[in-house]
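A short write-up of the structure that comes next.
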Amino acid sequence: MGFSTKYFYILVLGLVLASCSTDDNAAKDEQKPTIDINYDEGFPQACSQLVRGETYSFKAMVSDNAELASYSLDIHHNFDHHTHDDQDGECSLDPKKTATNPWIFIENYSIEDGLTTYELSISLTIPNDIDTGDYHCSFSVIDKTGWQSRTSVDIKIIE
Amino acid sequence: MLGVWLYFSLCSITFAQDSFQIEGSVVNANTLHPLEGANIIGKGLFSISSATGTFTINNVVEGTYSLTISHIGYSSETVTITVGPKMDTLKVHLKESVIELEDVEVNGKTHKREAQELATVSHTVSKDFLDKNRENSLMQTLKNIPGVSTINIGSGQSKPVIRGLGFNRVVVVQNSIKHEAQQWGNDHGLEIDQYEVETVKIIKGPASLQYGSDAIAGVVDIQAPKLPGQNSLKGEVNLLGETNNDLLGVSAGIQGRKNKWFYRGRLTYRDYGDYKVPTDRINYENYIFELHDNNLRNTAGKEADVSLGIGFISGNLKSETNFSNVNAKNGFFANAHGLEVRSSSIDYDSSNRDIDLPYHKVNHFKITNNTSAGIGNHTLQLDLGYQNNHREELSEPVPHGYMPIPPDSKERIFDKNTYTLNIKDSFSPNQRHDITAGVNLEYQDNNIGGWGFLIPSYNRFTVGAFTNDQFEIHPDLHLLAGLRYDYGVLDSKSHYDWYPSTVNNSDGSTSYVYLQRAKNKTLDFGNFSASLGISYIHQNTTYKINLGKSFKMPLANELASDGVNYHMYRYERGNLDLDPESSYQLDLEVDHSSDSFSFGVSPFVNLFENFIYLNPTSNYYETLQIYEYTQSKVFRAGGEIRASTTVLKNLQLDASAEYVYSRQTSGPKKGFTLPFSPPLSGLFSASYQLKDFLFLEKPQIRADYRVTAAQNEIVPPEEVTEAYQVLNMSFTAQMNLIKSTKPIEVRAKLNNVLNTHFYDHTSFYRLIDVPEPGRNLSISLTIPF
């Protein structure tokens, strides 16, 4: 049995070595994309007031180390103060209220292949019949690998 | 063939003024392994040694006794002991009568020896280990075993992970019945009262052969508690207090046996507050959460468990029925409901003990019956089980997307009934073969409720038949071969949203539709499992090699998810075309143990043909990232290594390390690892036995130093986790305040001595940058009676 024992040891050793050896780390994308509204044209800025019936161009700068894939914009009311934005400074919120006809804007967009920086620009007219008050505007971007970044801004919609 | 020497030691302690207790242990002299199943018989006295080789005889009146110690396969020996207030420790060497007993050698094996002969790589955990390492949940207690880790959800809940795989890839078995709950869920924890558990067998590898679908990465097999001794009645009360989460726990158990009838019962209650982390603010993405008093808000919880068992044993027939109910309620970190940041008007900081929204509650009810009967050279075993798992996730109703404000806080409700039947026959046609054949049947009825849809209601029926043969080529060389076939049917129910969504049609019009999330669908699966291995024992060293193929049926969430997982803030989509996962694994093990030194290494290589993976795609569904179940090839390798030595008489040193390398070798995440990959980690322990002092006996101090490397192997949406070192200290002793009673076990444990700020890569809260709990002092008392 001594002979097979020796083989056994060699096999064990071989497997330990095989399992510990590092191989590929070849160009694996491990970076999230970035999303930014804190530049001159970025819109909306934190605590902005938007007027019903007006048309605005929502703009944010997105970038990625490898390749961008898609982005989305979600605007929903924050009448119940359920969440807050991730920007510096706090916006003053109106008292809580019940929604009757809140504005819901939900849309996804894809980014053409091969880009690593992109300025997203979405032109929106705020409907005239929606509830005014506190809203929450969330941007999101995903890269080709599936990494996602989000940012959100507190805004107010007024008459 | 050499004679086997038995090392037999008897130590005894006083029990009552005129009634004493004899305690002893049976150990194999060659291997120093405990010998189970030895009969200790004297006039009016009887005991059988346990798996740890120990035995006790209670209520012995003062006097001189003659005890005969016998074990099939070993020759009997008679010793004379004097039972009284000052009893001497006896050491008896027993010699095996080889010639006489050669015919029954096969039957005279200890469980330890049987485990050595079995080619499967397993690890058995004793009650002693559990008591010494006791943490907040069963799995956290088992974490000190190399190769075992956990996914924790707060301080009170955790899921088993074996060599980096968890969820439905690890089967938990209790009393031979597979524990069925919502294992697939990120925020689900194992619903088992850890005080009920005496012995756990952990299989670190594919074990579908014995355990069926899902046992693809390993098994946590909680074995039935030991049979109480004849005419015995004993119990214990465990008290536990912890400083980090202000936990108070009490558990009381009792067990007794007349002649043929035995019973046991246990009650456990635990109540804890928010746990403390060594930071006063948490920075998640761009959000900053200030923590009040270092409390991770709303992570308090409570748990109440009850279990009752009654059994009958006579001749070759044994039957035991167990009832248990585990009820728990745990809060979730309030600032982020899963990955979604939330603000609330609830005053979470008013008390660290209240459980506000969001929280979950779960009730797990279980009845099992295990009956075994010996007929000739056959042993028949029948296991019957019924389980009901009812789990609710509650959160503040918040509108999302096209969903208006839900009417109540019941986000998700899962109700699951599982019926299990196992039939097994073990027989030995001759002394060289041990053949087992059996059938497992399971039926599940899963229902859902609440306003948040994630998986549909479904029924599932599975049936599997297996056979295996343990063949003795040579007394020290065993071959194990087995084959199994499983068939399963999954029947999912249709589901529609309770609110209309806005759909933009291609002709430019807009319609408002109650979207269908799941369809009525029947799917069936079949799969073979197989295992082939050898075990070779050479003196104090055991060598094993095992090749296994295991499988896992696709789960309902993998097949039919179609909804927003608010917890993870993502959209999850199933795939009805998924195949059963199949995995091939080669395991090796070398285990050497001698008097003062033991060493073990257990490497493995594993290939998944079609690992089911929840892939984060680069697309959205209503502004939420779509995660889609896909299948990819996966290569994994790694293993554990451990060594322990007794340097000085009173100083024991242990060291162990574990490592897993995982790679997806096909599919959209080719080159990436798998989610929740545990990093390289080592545990160094030193324990020192002090001299008895004051009223403390067998005082022992222990230091556990865990060194974990950084985890740079990540997959979206994970983050790299830094390396850490954390020190735990403990002190254990027995307190013998009143000489006539059994000693009280005392344990003081200081976890995270230096209040180190570190992240556990496999914690649920890691994703929102919540560090692990800070310093915690726990004091526990076990009072036997």
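Quick caveat: nothing in here was measured; it's all calculated off a predicted structure. Just so it is clear: chains get the letters A, B, ... in the order the sequence lines come, proteins before strands, and each one is counted from 1.
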Would [X] and [Y] count as having a side-chain donor-acceptor pair, cut-off 3.5 Å?
X: B/S602; Y: B/E640; value: yes
X: A/T117; Y: A/S63; value: no
X: A/S70; Y: B/S618; value: no

What part of [X] lies closer than 4.5 angstrom to a heavy atom of chain A: side chain, backbone, both or neither?
X: B/N712; value: backbone
X: B/Y621; value: backbone
X: B/V715; value: backbone

Counting heavy-atom pairs under 4.5 angstrom with chain B, the leader among A/T151, A/V141, A/L68, A/T98 is A/V141
Salt-bridge present (A/D94, A/K156; N to O < 4.0 Å): yes
State whether A/K96 and A/D134 are salt-bridged, where the test is any N-O pair (Lys NZ or Arg NE/NH1/NH2 against Asp/Glu carboxylate O) under 4.0 Å. no
Do you know which of B/H400, B/R636, B/E718 has the most heavy-atom pairs under 4.5 Å to chain A? B/E718
Interface residue of largest heavy-atom contact number with chain A, from B/E719, B/K669, B/K670, under 4.5 Å: B/K669
Report which part of A/D143 has an atom under 4.5 Å of a heavy atom belonging to chain B: side chain, backbone, both, or neither. backbone
Applying a strict 4.5 Å limit to non-hydrogen atoms, the region of A/S149 in contact with chain B is neither
Heavy-atom side-chain proximity of B/E713 to B/Y661 below 4.5 angstrom: no
